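Quick note on labels: first sequence line is chain A, next is B, and so on, each numbered from 1. Not measured: the values here are computed from a predicted model.
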Amino acid sequence: MSNYGIKILNNAISSLSAQQALIANTANNVANVNTPGYTRRQVELAARGDGKAASGGIQVGSGVEVTGVKRLADSFVEQVLRSASGTLAGSNVSNDYLNRVQELFSLDGRGLTIGSTMNNLLSSFNQLSLTPANIDLRLNVMQRGEELVSSIKTVFDTVAQIQKDLNNRVASEVEAINSFTKQIASLNEMISRREASGVSAVDERDQRDLLLQRLAEKIDFKLVDNKGGALSVSLDNGFPLVNGSTSRDLSVTAAPSFGGGSLPPSLSGEVLSYVVYDYGSSGSPSHIDLTQVIKAGSGSLGATLQLRGYAAVTNTSSFQADGVLVGIASRVEALTRSLLVDMNRTYLGGTPGNAGDLNGNSPGPFGLFDFTSSGVKDDGDGIPEYSDLTNPALGIDNFSSILTFAVTNPSTFAAARDIDPNPATTLFQSGDGRNAQALAQMGNSSLNFAVGSFSFTGTFDELYNSSLAYVGNAKKSAEIAVRVAEQSFNAAANRRDEVSGVSLDEEFANLVKYQKAFQASARMIKTAGDLLDQIVSLI
Amino acid sequence: MTRIAENQSQRGLVLNTLANKRQIDKYSREVSSGLKVVLPGDSDDAGTIARYQQTLQRIDGYTSMVAQTKNMLEFQDSVMSQMSELLIRAKELATQGASETFSTSARAHIAEEVYQIRDNVASLANSSFQGRYIFGAGDDDDPPFDPSTYTVPSSGSASTRYVFDAELGTAVTKTVDLTDNLSITVNTPADKLFSNALQALERLGRALGGYSTLPATGAPDGSGVAYSMPNGYATQTADIQNAINLLNSARDNDILPERVSLGGRLRRIETAESLLGLTKNSAEDVLSRIQSIDETESAANLARAQSALEASYTVTARVLRISILDYI
């Protein structure tokens, strides 16, 4: 009889303790309802056995005990969320930068785009062909020419600046990745150590999951769950970033140690950086190239590299690199080169000395559009040619940034063609606008535009429209990718919250349940006391 | 059973609210700018819009060219009209002078008026349009007929008046492009239009004035070889008649064809002007349809987005206000 009285007391006490543990866990869940990366926890309870049967062979149990605290997480759901985070972060990078680019091709009809300034210039040539000596119309040609040069430079320089920003961003992304991998390795060690000694490491696991998600936003990786609580993080090609308690720092370099040498220069002239792992000693680097594998994957670093551009072969032209930015810049540069060669050749009158200005002088090979350079621009024949521009001795990669409008005095614009039938002499009349007319007619001419891997045959308008469509399509694709990635991310985040998120309703309902159990257990102690008092009073 | 955690319901509410705000932003931008496509990524029609904008830009340029060219040709037409009137007056005078009832002295008086007509014709040939000699062709900074500076090219002696400046470029015709498919000739060289008329008037003036010397000899006004009177009266009459024939020839072969040609070119310009206007209207219509907003539709969209945003605010507020704590 006395065995049961004590048993009742002990069971009630174990229940009080268990209910308090449940309430404490609920308090912790509620406290972390807004903590990023927090995984809700559940106290695990188990009924305690008697060990031996009570009198009469009946086993009534010895109360309850807390066997542990469980993180309610699903590794598959976490993996899906990480993947969605990486895709979303990458899409956002492309979308944000392309938004800046597409503003250069505005269709609001108010801004001076390359397309509108080009048409204005061609129209000014045509106006001049009617009254070629008119100084106001000559000034108009100069202004329209300057506007075209300015709009070309603005587009090209903005695209080049964005590429430069992206190249710098590669370094800061790598820095963040190194910080994450270091922390993950450190948490791997802590988790292994704690769990090996039988201590729960739920907080550390939460922190590690959060860091893995942050890492996934930067770079695509594979995860392997090692025995003993540690995780291995590796790139798609198997290169390990984190292995147990050790991590490997990535770095960026413009001068790699491996064969093939440097990447091509950026549009603004700096050398593009590789992302590498350096296993050499200080002062003697030995690099493993990881740029391509990172570029092919999701995450903001991959998107940054894709947009910035990369060339699989070493060369000296920035237009050999891939990516949308280089694609846009190639189109602008192709237009610039056509102005320097095709339009200048027309301005020349086809051959040197065939066109002239109001002073009777003929323009040089780069008489209408020119570029700033101390090198020798023409090969000596007086005719602008593509081979002049690509001459290695000149050493210029892009002409868009250094393009100038060469006519600075209205009277020196060569609107006339040679009227003298004698090949040995020339005569240019002020009322002759045939050269201006020929320039205007170039607007309807089909030309071959080519730079790097880009080539196009069509009119100036068609080239501009195809460039505009190229930018528009890239932006639309990026926008669609963001929308899809947002939906995937939200679905994955919802799925994760469904499993691991804290529900206040659930927690407070549990709290009431735990309180009631606690009150009932307390009542059991009183009941056991009453029983014992009754027994004592019998003695 | 699906659990709904706090973050889930909050995320859903916030995302819906943000989506509605984005719609408000989109439609309010549309309504304030009047455009639904502003950037290349806004629509698949961006390339088409750019093409129509370029078409309109070119039409504006061509329209300006058409106006200037029309102005220039109308000016030439008015010169040709005055020229015709002067030649008619000259012919009237010549017909009077050819009459055998007119004495030698009466003929000499008529000669004065003929010389004035000749000067007026030369003045028309040297007409200036926007500061340039309109009949100067390529050489439009020199007067086509200069009375003071020219000499007879063959002899180097002093010229008769109004010898054509035969410098290179003065004989060219100029064409300009008024549309992608229309080029128009904008001048006829002064030599072709005025030389014969001036020669005829000069010849008429000399004959009426009593001199048989031909203009090509270079003798100035009021000089040269005089008719021997009275026997030369018949020769003088014949020379006056010859001059009338020359005037007729200049009118029929030079002036009238030019007037017909000018009329034809002006009509072509007017047709081009009208076509440019139609093309412009059509391009503006298409552009408006694919780029501009339908104000009613956009206003309705904006109102709908406003309602949706207000509804999402209401829902968010209501859902977030509900707490189990109020019930336990």
Side-chain angles (χ1 to χ4, degrees), chain A residues 33-34 40 98-99 102-103 105-109 115-116 119-120 122-123 126-127 129-131 133-134 416 419-421 427 429-434 437 440-441 443-444 461 464-466 468-469 471-472 474-476 478-479 490 493-494 497-506 508-509 512, chain B residues 2-9 11-12 15 33 35 37-44 46-51 53-54 56-58 60-62 64-65 68-69 72 129-133 136-141 167-170 172 174-178 180 183 186-187 291 323-325 328:
Chain A
V33 65
N34 294 321
R40 75 186 170 106
L98 287 174
N99 205 33
Q102 73 160 351
E103 283 168 6
F105 292 82
S106 172
L107 291 160
D108 65 4
S116 66
N119 270 304
N120 284 341
L122 292 169
S123 178
N126 203 28
Q127 309 265 340
S129 71
L130 183 63
T131 47
N134 187 317
I419 208 158
D420 194 338
L427 180 67
Q429 292 285 24
S430 60
D432 179 7
R434 287 177 297 158
Q437 189 180 24
Q441 286 168 347
N444 293 324
D461 276 353
Y464 179 74
N465 293 346
S466 88
L468 183 135
V471 174
K475 176 67 177 70
K476 269 202 300 270
E479 214 165 271
N490 291 332
N494 281 341
D497 284 338
E498 199 178 309
V499 176
S500 306
V502 174
S503 161
L504 289 179
D505 295 344
E506 189 180 60
F508 283 113
V512 172
Chain B
T2 306
R3 291 179 70 251
I4 302 292
E6 296 309 303
N7 286 342
Q8 266 175 285
S9 54
R11 182 182 298 112
L15 286 175
S33 70
L35 301 173
V37 182
V38 175
L39 295 169
D42 289 349
S43 164
D44 289 335
T48 311
I49 290 169
R51 204 162 57 245
Q53 285 181 339
Q54 285 154 0
L56 285 172
Q57 213 182 343
R58 288 167 83 107
D60 284 346
Y62 283 140
S64 168
M65 271 298 277
Q68 288 177 51
T69 308
M72 185 184 261
F129 180 78
Q130 292 181 355
R132 313 299 294 184
Y133 293 103
D139 187 24
D140 66 357
D141 55 351
E167 198 177 343
L168 280 171
T170 50
V172 296
K174 293 160 59 176
T175 56
V176 294
D177 300 325
L178 296 188
D180 286 342
S183 296
V186 291
N187 77 310
Q291 189 183 22
S323 168
I324 194 172
L325 291 172
I328 56 176

Taking the side chain as C-beta and beyond, is there a heavy-atom pair between [X] and [Y] under 4.5 Å?
X	Y	result
B/Asp44	A/Lys476	yes
B/Gln57	A/Ser116	yes
B/Gln291	A/Leu107	yes
B/Val172	A/Gln429	no

Which portion of [X] sits near chain B, non-hydrogen atoms under 4.5 angstrom:
X	value
A/Ala416	neither
A/Leu130	both
A/Arg434	neither
A/Ser106	both
A/Ser503	both

Quiz item: Are A/Asn490 and B/Arg11 close enough, and set up right, to give a side-chain hydrogen bond (donor to acceptor under 3.5 Å, both in side chains), and what steps lead you there?
Solution: CA-CA 8 Å; A/Asn490 291 332; B/Arg11 182 182 298 112; 4.7 Å; no
Self-check item: Donor-acceptor contact present, side-chain B/Arg3 to main-chain A/Gly501, <3.5 Å
Solution: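 Present.
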Find the one option among [options] whose heavy-atom pairs under 4.5 Å with chain B are most numerous.
options	value
A/Val502, A/Leu427, A/Val471	A/Val502
A/Asp108, A/Val512, A/Asp432	A/Asp108
A/Asn134, A/Asn34, A/Asn120	A/Asn120
A/Gly115, A/Ala469, A/Ser430, A/Ser129	A/Ser430

Exercise. Please check if any side-chain donor atom of B/Arg58 sits under 3.5 Å from a side-chain acceptor atom of A/Asn126, or the reverse.
Key: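 No, because no side-chain N or O of B/Arg58 sits under 3.5 Å from a partner of the opposite role on A/Asn126.
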Self-check item: Closest contact, heavy atoms only, B/Asp177 versus A/Gln437
Solution: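 Smallest interatomic distance, heavy atoms only, reads OD1-NE2, 3.4 Å.
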